[in-house]
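Okay, so here's the structure we're looking at.
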Amino acid sequence: MLLVLPHRNVLETVLVSYPISWSVTSILYIIYYARGNWLRRGIQKAGHEMPEALKQ
């Protein structure tokens, strides 16, 4: 939106950009959730033992 709005300074630009930005953000969060290993790092950082289901 920051790249397009200065060139097309109309409300429709914002109305179109809003759902696109939410969709892109959702896709990035799904990728992070699926491939980020965030749960393992969080458990290790907290100093807890890794559950058997998460060990590979």
Side-chain angles (χ1 to χ4, degrees):
M1 188 164 83
L2 292 173
L3 300 174
V4 176
L5 195 57
H7 301 289
R8 289 193 39 117
N9 196 8
V10 293
L11 180 61
E12 287 80 17
T13 305
V14 176
L15 295 176
V16 169
S17 299
Y18 186 75
I20 292 172
S21 67
W22 275 89
S23 299
V24 170
T25 303
S26 297
I27 291 168
L28 291 174
Y29 272 118
I30 290 169
I31 292 169
Y32 175 72
Y33 178 79
R35 298 186 47 106
N37 293 328
W38 58 273
L39 184 57
R40 284 187 189 91
R41 284 194 307 265
I43 291 172
Q44 290 173 347
K45 187 176 180 180
H48 298 292
E49 184 178 331
M50 188 70 63
E52 290 297 322
L54 293 177
K55 290 183 180 179
Q56 290 184 2

| Linked, directly or transitively: Leu39 and Tyr33 (ILVMFWY side chains, under 4.5 Å) | yes
| message | With clusters defined by side-chain heavy atoms of hydrophobic residues (ILVMFWY) lying less than 4.5 Å apart, directly or transitively, does Ile30 cluster with Trp38? | response | no
Name every donor-acceptor pair, under 3.5 Å, that has one atom in a side chain of residues 41-50 and the other anywhere in the protein, sequence neighbours excluded.
from: Arg41; atom 1: NH1; to: Gly36; atom 2: O; distance (Å): 2.6
from: Arg41; atom 1: NH2; to: Gly36; atom 2: O; distance (Å): 3.0

| field | Pairing residues for Trp22 by the side chain to side chain donor-acceptor pair (under 3.5 Å) criterion, not counting sequence neighbours | value | Tyr18
| Rounded to the nearest 0.5 Å, what separation is found between the OG atom of Ser23 and the CG atom of Leu28? | 11.0 Å
| note | Looking only at heavy atoms, the pair that brings Thr25 and Ser21 closest together is OG1-O, 2.8 Å
